[in-house]
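Quick notes on the structure that follows.
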Amino acid sequence: MSELTELSYALDTFYFLICGVLVMWMAAGFSMLEAGLVRSKNTAEILTKNVALFAIACTMYLLVGYYIMYSSPEGGILPNLGFLLGGENSVDAVLAGGDDAPYYSMRADYFFQVVFVATAMSIVSGAVAERMKLWAFLAFAVVMTAVIYPVSGFWTWGGGWLDAAGFSDFAGSGIVHMAGAAAALAGVLILGPRKGKYGKDGSIYAIPGANLPLATLGTFILWMGWFGFNGGSELKVSDVDSANNVAQVMVNTNAAAAGGVIAALILAKLWFRKADLTMALNGALAGLVAITAEPLAPSALGATLIGAVGGAIVVASIVALDKLKIDDPVGAISVHGVVGIWGLLAVPLSNADATFGAQLLGIVGIFAWVFGASLVVWLILKAVMGIRVSEEEEYEGVDLAECGMEAYPEFSVAKK
C-alpha cells in the first residue's frame with residue numbers, strides 16, 4: 001500500500017468514524033425531543049428508554065444484527081442464520097477476513113451502521129410514550145435490533161433482493177426511518193391511545209408537552225447529527241469527486257430541513273391560525289427525512305422543495321392520524337413513516353437510475369416485513385408480560401411506576 005493510499009485510507013476511515021459519532025449524537029437529540037414533548041411526569045422514564053435502547057441496539061447488532069445484514073447471500077430473501085447452528089455470531093465473523101476494504105476500515109463501517117440501528121429504534125420510543133411498560137419496550141428493542149431491522153437491511157444495503165431489484169435509498173428514508181415508523185405503528189395500534197386523548201364523541205384533546213425549549217434543542221441536535229447521517233453515507237472523502245459529493249449532500253440536507261420548517265410553519269398558520277412551534281419542529285425533521293433517500297442528486301433548490309413538501313405532508317399526516325385516533329405523542333409515525341415514503345418516491349425525480357416501480361417495491365417490502373414482524377412481537381409481549389401500564393400508573397406518571405423517581409421532583413407537592 002503506497003503512502004498516498006495509506007493516507008486516503010486513514011482519512012476515509014477517520015471521516016466515517018466522525019460521521020458515526022455525529023449520528024450517535026442524534027440519540028441525545030431524540031432524548032431531548034421526546035422529553036420535551038411528553039408530560040413532566042413521564043420524563044425520567046423516556047430518558048431511561050433512550051439510554052437503554054441505545055445500549056441494547058449496540059449490543060444486539062454486535063452479536064447478531066451485523067452478521068445477518070452483511071453475511072447473507074446476494075439477491076436473497078432469507079438471511080444467513082448460520083450463527084444459530086454454532087457458527088460465529090458476532091461482528092468479528094463478518095470482519096474475520098481482515099480490516100481492509102477498498103478505502104476504509106470495515107470496523108468503521110460497523111460503527112457507522114450500529115448507530116443507524118439505534119436511530120431506527122429511537123423512533124419507536126416517542127410514538128409509544130407515556131403508557132407503555134418499560135421492560136416490554138426494551139424486550140421489543142432486543143428483537144428489533146437483532147433481527148427485524150437487520151433482515152430488511154440485508155434486503156437493501158446488504159445486497160439482497162430489493163437491492164437487486166434496483167431499490168435506491170441513499171441514507172435510509174425507508175431502510176431506517178420508515179422501518180422505525182412501521183414498528184412504532186404496530187406498537188401504537190396494539191397499545192391504544194393515552195387516557196383522555198380522545199372523547200367518546202370523537203373529539204380530540206391536546207396533551208401538551210412539558211418542555212418546548214428542550215424539544216427545540218433536541219430538534220437542533222438532530223439537525224446537526226443528520227449531517228453525519230447523510231454525509232457519512234457518501235462513505236469517503238479522500239478524492240475530489242467524493243469531497244464535492246459530501247459538500248453537495250450537506251448543503252442539500254440543510255436546505256431540505258429549512259424548506260420543511262418554512263412549509264410546516266406556513267401551513268400551520270393557514271390551517272390553525274397560529275404559528276405552531278411543534279409543527280415547525282416536526283417540519284424540520286420531515287425535511288431531513290425526505291431528503292435522506294437522495295441527498296446527492298438534487299440541486300440545492302430541488303432539495304429545498306423536497307423538504308418543503310415533506311414539511312407540508314407531516315402537518316397533514318399528524319392531523320389525519322389524530323382523526324383516526326392513532327395516538328403518537330411526538331409525531332414520529334408521520335415524520336419518519338409518511339414522509340419517509342415521500343422521500344423514497346422523490347428519488348426518481350432527480351436520480352435517473354431510480355424507478356418508481358423499484359421504489360414502490362421497496363416501500364411495500366420493507367413496510368410489510370417490519371410492520372408484520374413487529375405486530376407479532378408486540379402481540380407476544382402483550383400475552384406474556386403485558387405492554388401497557390395500569391390506568392392508575394398512567395395517571396400518576398410512568399416515572400414513579402417504572403423508575404421510582406421524578407425528573408422534576410421540586411415541582412411535586414410532597415405527600416403527608
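The figures that follow rest on heavy atoms only: side chains count, while hydrogens, waters and symmetry mates do not. We're numbering straight along the sequence, starting at 1.
The only member of Tyr110, Tyr9, Phe112 that meets ring pair (Phe, Tyr, Trp, His ring centres under 6.0 Å) when paired with Phe16 is Phe112. Screening Thr355, Val347, Leu361, Leu344 against Phe167 for a side chain to side chain contact (heavy atoms under 4.5 Å, CB included) leaves a single residue, Leu344. Each of Leu381, Thr48, Val124 was scored for a side chain to side chain contact (heavy atoms under 4.5 Å, CB included) with Phe137, with one residue passing: Val124.
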*Can you check side-chain hydrogen bond (donor to acceptor under 3.5 Å, both in side chains) on Thr156 and Asp163, steps first, answer last?*
CA-CA 5 Å; Thr156 49; Asp163 178 66; over 6 Å; no
*After noting the C-alpha distance and the side-chain angles of Asp399 and Thr43, does the key distance pass the side-chain contact (heavy atoms from CB on, under 4.5 Å) rule?*
CA-CA 7 Å; Asp399 281 4; Thr43 306; 4.2 Å; yes
*Could you check Glu234 against Tyr15 for side-chain hydrogen bond (donor to acceptor under 3.5 Å, both in side chains), going step by step and ending with a plain yes or no?*
CA-CA 10 Å; Glu234 175 62 22; Tyr15 172 71; over 6 Å; no
*Should Ile366 and Leu162 be marked as a side-chain contact (heavy atoms from CB on, under 4.5 Å) after you check the CA-CA gap, both sets of side-chain angles, and the distance that decides it?*
CA-CA 9 Å; Ile366 294 169; Leu162 285 177; 3.9 Å; yes
*Test side-chain contact (heavy atoms from CB on, under 4.5 Å) applied to Met26 and Val23, step by step*: CA-CA 5 Å; Met26 291 174 71; Val23 179; 4.1 Å; yes
*Is there a side-chain hydrogen bond (donor to acceptor under 3.5 Å, both in side chains) between Ser350 and Glu294 once you walk through the steps?*
CA-CA 8 Å; Ser350 60; Glu294 184 49 82; 5.6 Å; no
_Before you tell me yes or no, could you show the steps for Ile148 and Val377 under side-chain contact (heavy atoms from CB on, under 4.5 Å), namely the whole-Å CA-CA distance, both residues' side-chain angles and the distance that decides it to 0.1 Å?_
CA-CA 10 Å; Ile148 297 175; Val377 175; 4.3 Å; yes
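Between Phe229 and His177, the distance separating the two ring centers is shorter than 6.0 angstrom.
Looking only at distances, no side-chain donor or acceptor of Glu74 sits under 3.5 Å from a matching main-chain atom of Gly76. The backbone N or O of Ser105 lies less than 3.5 Å from no partner atom in the side chain of Asp109, so there is not a single donor-acceptor pair. Between the side chain of Asp328 and the backbone N or O of Ile333 there is at least one donor-acceptor pair closer than 3.5 Å. Using a distance-only test at 3.5 Å, with no hydrogens or angles considered, no donor-acceptor pair links the side chain of Trp226 to the main chain of Thr253. Looking at Gln359, its side chain does come within 3.5 Å of a backbone N or O of Ser168 through a donor-acceptor pair. When atom types are taken as modelled, the side chain of Thr304 and the backbone of Ala256 share no donor-acceptor pair closer than 3.5 angstrom. A donor-acceptor contact shorter than 3.5 Å is absent between the side chain of Arg388 and the backbone of Gly386. The main-chain N or O of Glu402 is never found under 3.5 Å from a side-chain atom of Trp135 such that the two would form a donor-acceptor pair. Thr13 places no side-chain N or O within 3.5 Å of a backbone atom of Ala10 that could act as its donor or acceptor partner. The backbone N or O of Ile313 sits nowhere less than 3.5 Å from a side-chain atom of Ser317 that would complete a donor-acceptor pair.
Ring geometry, Tyr61 versus Tyr66: the interplanar angle exceeds 60°, so the pair is classed perpendicular (tilted spans 30 to 60°). Between Phe220 and Trp223, the ring-plane angle classifies as parallel under the 30° and 60° cut-offs.
Under the 4.0 Å criterion applied to side-chain N and carboxylate O atoms, Glu130 and Lys41 are not assigned as salt-bridge partners. In this structure, Lys197 pairs ionically with Asp322, as a charged nitrogen and a carboxylate oxygen lie closer than 4.0 Å.
We find the CE-CD1 distance between Met60 and Ile56 to be 9.0 Å, quoted to the nearest 0.5 Å. Taking CG of Leu47 as the start and CZ of Phe30 as the end, the distance is 14.5 Å to the nearest 0.5 Å. To the nearest 0.5 angstrom, Ile266 atom CD1 is 6.5 Å from Ile262 atom CD1. Distance check: Phe170 CZ to Leu296 CG gives 5.5 Å after rounding to the nearest 0.5 Å. Between atom CE of residue Met32 and atom CD1 of residue Ile221 there is a gap of 7.0 Å, rounded to the nearest 0.5 Å. Taken to the nearest 0.5 Å, the CD1 atom of Ile77 stands 12.5 Å off from the OG atom of Ser72.
Nearest approach of Ile46 to Ser125, heavy atoms of both residues: CG1-OG, 3.9 Å. Minimum heavy-atom separation, Ser242 to Lys236: OG-CG, 3.2 Å. Residues Ala171 and Phe116 come closest through the heavy atom pair O-CE2, 3.3 Å. Heavy atoms only, all atoms of each residue included: Leu134 and Lys49 are closest at CD1-CG, 3.4 Å. Across Ala268 and Met279, no two heavy atoms sit closer than the pair CB-CB, 4.2 Å. Here the closest heavy-atom approach between residue Ala182 and residue Val370 is recorded as CB-CG1, 3.9 Å.
Using a 4.5 Å heavy-atom threshold, the side chains of Ile68 and Asn80 count as separate. Looking at heavy atoms from C-beta onward, Met69 lies in side-chain contact with Tyr149 at the 4.5 angstrom threshold. Residues Tyr104 and Phe14 are not in side-chain contact: their nearest non-hydrogen atoms beyond the backbone lie 4.5 Å or more apart. No side-chain heavy atom of Val398 sits less than 4.5 Å from a side-chain heavy atom of Glu393. With a 4.5 Å cut-off on side-chain heavy atoms, Trp378 and Leu189 do not count as touching. In this structure, Ser8 and Asp239 have side chains that are not in contact, with every pair of non-hydrogen atoms separated by 4.5 Å or more. Using a 4.5 Å heavy-atom threshold, the side chains of Asn50 and Glu45 count as separate. Looking at Pro298 and Ile291, their side chains come closer than 4.5 Å, going by heavy atoms from C-beta outward.
Atom CH2 of Trp271 has more than 12 neighbouring heavy atoms from other residues, nucleotides or ligands inside a 6.0 Å radius. Atom CZ of Phe227 sits in a crowded spot, with more than 12 heavy atoms from other residues, nucleotides or ligands closer than 6.0 Å. Enclosure of atom CH2 in Trp25 is not indicated, since only 12 or fewer non-hydrogen atoms of other residues, nucleotides or ligands lie within 6.0 angstrom.
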